[in-house]
Asks: 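Below you will find the structure I want to go over with you.
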Amino acid sequence: MRVYNDLSRTKEELVPQKENHFTIYVCGPTVYDLFHLGNARPFIIYDTLRRYLLYKNYKVTYVQNFTDIDDKMINRAQSREISVKELADEMIAEYYHDADNLNVMRADHHPRATETIPEIIEMISTLEEKGYTYNLNDGIYYDTSKFEDYGKLSKRDLDDQEAGASERVDLLDDKRNLSDFVLWKFKKEGEPAWNSPWGEGRPGWHIECSAMSKKFLGETLDIHAGGMDLMFPHHENEIAQSEAANEKPFVNYWMHNGFINVDNVKMAKSGGNFFLVRELASEYGYDVLRFFILQAHYRMPLNFEEEPLMAATHGWQRVLRSVDHIDFLLANETAQIAETESEALIDYVEKTKQEFERAMDDDLNTPDAFAAIFNLVRQVNTLTADYSLSNESLKKARAYIIELCAVLGLDAEKRVDTEIPQEILDKVKLRDDAKAERDFATADSIRDELHALGYKIEDTPQGPKVSREVEK
RNA sequence: GGCACCAUAGCCAAGUGGUAAGGCCGGGGUCUGCAAAACCCCUAUUCUCCAGUUCGAAUCUGGAUGGUGCCUCCA
């Protein structure tokens, strides 16, 4: 598998340090509010990467943190008149609600910043001993000029930045360099604080990821991922901290996903142009949101719009219907199996698998992976329209559609309701009898009646097929 | 000012040297008592524009135009 590594700005062969075992760290949410669709993109993308590596029989140790202490947390907690801890507990539960429904697997570890304070302090101490820090009135700072490779990820040159930003030198405050950042913030009145060698305070944003990733995954990670906006300064600073402290490469592969835009502008809480996953899910459903996100390549910008979401809704239904159709065929015996076509389908399944893997191997090309699945779906539909296929071939096609969708985190087996109530079946029978007597007026009125109850009847060569109307 | 990124049909979106995947919408048809679903056909001689390299470019090079992101919290 090849993956675009932002460190080299090229696609590279993805090779783990340990045989068959990947360590992945993904920057998680700051838990002060429900997350929006833009936040959801990395959760879904890297969950898909994880699922694909598992599919390829790798072991994966996956860590995604919760940032549960920062200015936004403190401000929100104060305005809601609850503690920061209470806010975090509540929002973490809400995170799981949405993430679980998006079928994002839980990480092996979901560390919280506030539960990693000793490790954070230890790392800052190490940096202090090695001379990378200095003190200001409000906290302990990292001196980025001491770290030779600073800017290697985001390809920024410190001097150019400062020269160009001359109009904004006020941002420098008392810092030695514009890019210096705080490791430990001294306590202000009314803020949560922890004891440390430098007095009461709380960790800066960047240090928590360095400490948490080291705690659970060691000093060198295989993959570290997050949104594009984290590349600078967040990830650059993590590199500076971790490599200065550990004297080892921090990350082998850096992956960053593009944004979800609204009217071509980045969706962001601060921009006010955001759509919460919770709200969108009630309209479109979680599966459709996941499908929508994976239908674009993860590094490309993805515009959030009504029409493409409807396209995603209908596209996903197409897959579900095909599986449903196979189930219907399997449940109804047919004579005269078409052997040639059955074998053709089995061959096509193999071909699909290869195309799917080729797409995924190429930097997680999920749009192409969907194309492979859709081609198989059409093949199933085409062949079954004209021929009776063997159960073996149908089962194989079914199994692969479901397996490949599952790699993408989509459950193609999900049914609103597989059990059709007897009273509904009775009405279907009545309609069928009416049809047999060519009493179409009665038949149609029963069909309307069932429709009103949320059931749909489709006449097929194998008899009437009843199902629940597809819901959102 | 610096550093990145993007530009493909009505919409969304793959494709990074060999003659434009896939999904949605729309039109026509097959099937059906009628539907529904499904299938078939049609829907970009062309990839923002202009030069160049090449037997050959959406794909490489140079330039232009338009748009975005990061440099401050940010997925």
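Every chain is numbered from 1, with letters handed out A, B, ... down the list of sequences. What you see is a predicted model, and the numbers here were worked out from it, not measured in a lab.
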Asks: B:U48 and B:A9: how far apart are their P atoms, nearest whole angstrom?
Replies: 8 Å
Asks: What's A:Arg2 touching, base or sugar-phosphate or nothing? Going by heavy atoms closer than 4.0 Å.
Replies: nothing
Asks: So A:Glu458, base contact, sugar-phosphate only, or nothing? Heavy-atom distance under 4.0 Å.
Replies: base
Asks: I'd like to know if A:Asp444 reaches the base of B:G33 with its side chain, counting only an N/O donor and acceptor under 3.5 Å.
Replies: yes
Asks: Respond yes when some side-chain nitrogen or oxygen of A:His314 is under 4.0 Å from OP1 or OP2 of B:C25, and no when none is.
Replies: yes
Asks: Using a heavy-atom cut-off of 4.0 Å across all strands, would you classify A:Ile457 as base, sugar-phosphate, or nothing?
Replies: base
Asks: Salt bridge or not between A:Asp459 and A:Arg431? Use side-chain N to carboxylate O under 4.0 Å.
Replies: yes
Asks: So among A:Asp361, A:Asp363, A:Leu364, A:Ile223, which one has a side-chain contact (heavy atoms from CB on, under 4.5 Å) with A:Leu14?
Replies: A:Ile223
Asks: Quick one: label A:Lys435 by what it contacts on the DNA or RNA (base, sugar-phosphate, nothing), any heavy atom closer than 4.0 Å.
Replies: base
Asks: Between A:Asp47 (CG) and B:A75 (P), how many Å, whole number?
Replies: 18 Å
Asks: Using a cut-off of 4.0 Å on non-hydrogen atoms, how would the nucleic acid contact of A:Val265 be classed: base, sugar-phosphate, or nothing?
Replies: sugar-phosphate
Asks: Between A:Asp368 and A:Arg358, does at least one N-O distance fall below 4.0 Å, as a salt bridge requires?
Replies: no
Asks: Does A:Arg318 make a side-chain donor-acceptor contact with the base of B:C24, cut-off 3.5 Å?
Replies: no
Asks: Please confirm whether A:His206 and A:Tyr142 have ring centers closer than 6.0 angstrom.
Replies: no
Asks: Taking the basic N atoms (NZ, or NE/NH1/NH2) and the acidic carboxylate oxygens, is any pair closer than 4.0 Å for A:Asp138 and A:Lys185?
Replies: no
Asks: Do A:Arg9 side-chain and B:C5 base share a donor-acceptor contact under 3.5 Å?
Replies: no
Asks: Can you list the stems that RNA chain B is part of, where a stem is at least 3 pairs in a row, each Watson-Crick or G-U, with both distances below 3.5 Å?
Replies: B:1-7 with B:65-71, B:10-12 with B:22-24, B:26-30 with B:38-42, B:48-52 with B:60-64
Asks: Using a heavy-atom cut-off of 4.0 Å across all strands, would you classify A:Gly38 as base, sugar-phosphate, or nothing?
Replies: base
Asks: Check the geometry between A:Phe374 and B:G22 and answer yes if their rings are stacked (centres below 5.5 Å, planes below 30°), otherwise no.
Replies: no
Asks: If you look at every strand shown and take non-hydrogen atoms under 4.0 Å, does A:Ile260 touch a base, only sugar-phosphate, or nothing?
Replies: base
Asks: What is the distance, to the nearest angstrom, from the CE atom on A:Met231 to the P atom on B:C73?
Replies: 16 Å
Asks: Any sub-3.5 Å donor-acceptor pair from A:Asn273's side-chain atoms to A:Ala268's backbone N or O?
Replies: yes
Asks: So does A:Arg447 reach the base of B:A35 with its side chain, donor to acceptor, closer than 3.5 Å?
Replies: yes
Asks: Ignoring hydrogens and geometry, is there a side-chain-to-backbone donor-acceptor pair from A:Asp100 to A:His97 under 3.5 Å?
Replies: no
Asks: Taking OP1 and OP2 of B:C70, is either one under 4.0 Å from a side-chain nitrogen or oxygen of A:Lys266?
Replies: yes
Asks: Is the distance from OP1 or OP2 of B:G15 to the nearest side-chain N or O of A:Asn365 less than 4.0 Å?
Replies: yes
Asks: Determine whether a donor-acceptor pair (one donor, one acceptor, N or O, separation below 3.5 Å) exists between the side chain of A:Asp386 and the base of B:C31.
Replies: no
Asks: Nearest-nucleotide wise, let me know which of A:Tyr298 and A:Thr460 is further upstream toward the 5' end of RNA chain B.
Replies: A:Tyr298
Asks: Given the rule in the salt bridge (charged side-chain N to carboxylate O under 4.0 Å, His left out) test, do A:Glu191 and A:Arg202 qualify, once you have shown the distances and angles that lead to the verdict?
Replies: CA-CA 9 Å; A:Glu191 291 185 353; A:Arg202 58 185 166 95; 3.3 Å; yes
Asks: Give A:Asn264 one of three labels, base, sugar-phosphate or nothing, depending on what nucleic acid heavy atoms sit under 4.0 Å from its own.
Replies: sugar-phosphate
Asks: What integer number of Å spans the C1' atoms of B:U19 and B:C25?
Replies: 28 Å
Asks: So, is A:Arg378 near the phosphate of B:G22, with a side-chain N or O under 4.0 Å from OP1 or OP2?
Replies: yes
Asks: Roughly how many Å is it from CD in A:Gln317 to P in B:A36, rounded to a whole number?
Replies: 15 Å
Asks: Rounded to whole Å, please give me the gap between CG in A:Asn273 and P in B:U68.
Replies: 13 Å
Asks: Can you tell me how far P in B:U72 sits from the matching atom in B:G56, rounded to whole Å?
Replies: 48 Å
Asks: Just checking A:Ser154: base, sugar-phosphate only, or nothing, at a heavy-atom cut-off of under 4.0 Å?
Replies: sugar-phosphate
Asks: The test is ring pair (Phe, Tyr, Trp, His ring centres under 6.0 Å); show your working for A:His109 and A:Phe216 and say whether it passes.
Replies: CA-CA 8 Å; A:His109 305 281; A:Phe216 293 100; 4.4 Å; yes
Asks: For a quick test of reading the model: is some side-chain N or O of A:Asn381 closer than 4.0 Å to OP1 or OP2 of B:C39?
Replies: yes
Asks: For the pair made of CD in A:Glu341 and P in B:A38, what is the distance, rounded to whole Å?
Replies: 21 Å
